[in-house]
2 protein chains.
Amino acid sequence: MQHRVVIGLNAVVTALMGGEPHVLCVRREDGWGLPYGAFDPVRHRTFEIGMRDFVSRQTALTLGYAEQLYTFGDEGREAPLASLSGGEASDRIVSVGYLALSPEAGSTGRREVAWRSWYDHFPWEDRRRGDEALGPILDALMAWAAGEASRQARIALAFGQAEEGWQEERALDRYELMYEAGLVPEAERDGHAGGRRMADDGAMTSDHRRILATAIGRLRGKLRYRPVIFELVPDPFTLSDLQEAVEGVLGFCVHKQNFRRAVEATGLVRKTGETAQGTGGRPAALYARARVPVTAGLGLTLPRLRAECA
Amino acid sequence: MQHRVVIGLNAVVTALMGGEPHVLCVRREDGWGLPYGAFDPVRHRTFEIGMRDFVSRQTALTLGYAEQLYTFGDEGREAPLASLSGGEASDRIVSVGYLALSPEAGSTGRREVAWRSWYDHFPWEDRRRGDEALGPILDALMAWAAGEASRQARIALAFGQAEEGWQEERALDRYELMYEAGLVPEAERDGHAGGRRMADDGAMTSDHRRILATAIGRLRGKLRYRPVIFELVPDPFTLSDLQEAVEGVLGFCVHKQNFRRAVEATGLVRKTGETAQGTGGRPAALYARARVPVTAGLGLTLPRLRAECA
DNA sequence: CCTACTTATGCTCTAGTTGAGCAAATATCC
DNA sequence: GGATATTTGCTCAACTAGAGCATAAGTAGG
């Protein structure tokens, strides 16, 4: 039977290591990729159950929060996956992508499975040290867009040159432009005109960098209206810990005093009464998640990108 | 071969009729359902292409904007679909749901295909005439939640009893509560304890009411950060037309003068110079979409639900 | 102990945004 | 012409968010 459809599951498992967002990756012959498992309708009542099952079997990790991201089914994505799924090259491989958050980056249990920083794969998404790194990228993009107004407009919108400025959640728009312009390693593999590569991590399996970009954008957007950051920061924490986590996810820094004002206004946290040691300064009060009062706000009020970290 | 996986496509095609949001539905033996088509990996390079193809063949409509909503794959959803997909009852039927917007509710071309108002299927999502209709629903929900604090908290959050008030985009949360509490027709069909039914349109096919709830919530949320409303309101339009459309989608009314201030501030519209006739009052200026200047805001600044329409 | 330095925390000030309503303009209906 | 309806311009107060000053309370090194 030719041209079957096979359903796979991909997980973008994210956890913080020292305040930096990391993603669980698998080293394969063709480069880094996301954990992948076939979906078995007999064993798994839902996609999410299937995803948790194969992650826990491949990696010795237990996941916390999870949500469906997107289902990837474009023709042409399967070739690099055929060997993974045990199917034939003519099969259409559809992947249901999931975002999963873990409160700690535990041992992966296997050598070929590793935690990788988000920003190893997306250096242009980290604006905490300023925007100098963005210059060459914009130059390369503008060269690609030469004379084409619609490309120029897309670039301006995605990379924060327009009125609304840098929108951290548009990571996928930025990746798509980079891919089309041939600035990511996959572009060359897939036969697109290659410019200078702006990520030096090698090509990622299939469309896994796209899936990761989707996850980054989704999580960043979600921070503003759901208290998901606590899924990454276990109790107890200081407000500086929380801020560092938020800044890591957002990829830019926020005003310290305003951040604490915003967090305290949500009613989502409570002081434990303890303080943290060894901060090299005044000890910070420790906080924990409040058992969510129904009267609480649902997300953090976060500013947009202004400047680099102090 | 038992337990195959079959991929289907579902479209939530939305258009306005007289300012009211409608959805394209198909009348089947078991009640109203969404247009459904099998995904054929040979003929269709992407899901979206497949979805557009089967919609245009089933309904004589051409779609405009489209986006993927969610992929529905839970066990148990397939039984009511088996006859549609020509598969066996043991197949797992996975549906990729799409939201599609059409600038006009044209003729459907077939008798069993009809435009149905969103609010025929979700009466509790329409708050334009006030909140009296919500009373009995809340009573029934609270009866179901009796003594269970977590259920009560979910109800309060979903139905706007908490601090942040009514959040129009949480249509799916509300539907899930209604389903669990046995207040929608599908609950009885699926063997859940049935309370009083709060929608009298009969059970919808499979989980199609859930897919519709997902679409309503997605579109409502999107209004705030993308100018999607223009996909539903063709040029030229008056600001009152635009406001009526927004109110129809949101399910509540907004302050007229503030709405125009917000729209004009986006830079997304321009006056055509013409005026509309027969409004029964001062003629309204006609507007059209501006060729989006890169300096434009990306969505409308919309208020939250305050009171019923004036 | 004293000084320099670091981080945490409290508070204020200002600019901008948002919610609400008054009032005038310009049509239709009788 | 007068009543009524709708559009449109404008003002004002309350609230929000961005930025910075000042103080508190530790550590590190003499």
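In what follows, every chain begins at residue 1, and chains take the letters A, B, ... in the order their sequences are listed. Here the structure is a predicted model, which is why all the values come from computation and not from measurement.
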*side-chain hydrogen bond (donor to acceptor under 3.5 Å, both in side chains) involving Glu104(B) - partner list, sequence neighbours excluded*: none
*Assign a letter to each nucleotide of nucleotides 20-29 of chain D from its 5' end: B, base within under 4.0 Å of a protein heavy atom; S, sugar-phosphate only; -, no contact.*
BB--BBB---
*Give the rounded distance in Å between these two atoms: NZ of Lys271(A) and C1' of dA8(C).*
10 Å
*Name the one of Leu242(B), Ile229(B), Val246(B) that satisfies side chain to side chain contact (heavy atoms under 4.5 Å, CB included) with Val263(B)?*
Leu242(B)
*So does Lys256(B) get a side-chain nitrogen or oxygen closer than 4.0 Å to the phosphate oxygens (OP1/OP2) of dT7(D)?*
yes
*Test side-chain hydrogen bond (donor to acceptor under 3.5 Å, both in side chains) on His22(A) and Glu20(A) and set out the steps.*
CA-CA 6 Å; His22(A) 281 66; Glu20(A) 283 290 308; 5.8 Å; no
*asked:* So, does Ser240(B) get its side chain near the phosphate of dT7(D), meaning an N or O under 4.0 Å from OP1 or OP2?
replied: yes
*Assess whether one donor atom and one acceptor atom, taken from the side chain of Arg260(B) and the base of dG9(D), lie less than 3.5 Å apart.*
no
*Find the distance Asp241(B):CG to dT6(D):P and express it as a whole number of Å.*
13 Å
*Under the ring-ring contact (aromatic ring centres under 6.0 Å, His included) test, which residues partner Trp166(B), sequence neighbours left out?*
none
*Would you say the side chain of Arg261(A) and the base of dG10(C) hold a donor-acceptor pair, judged only by whether the two atoms sit under 3.5 Å apart?*
no
*asked:* Categorize Thr275(B) for me: base, sugar-phosphate, or nothing, with a 4.0 angstrom heavy-atom threshold over every strand shown.
replied: nothing
*So do the side chains of Glu67(A) and Arg218(A) get within less than 4.5 Å of each other, counting heavy atoms only?*
yes
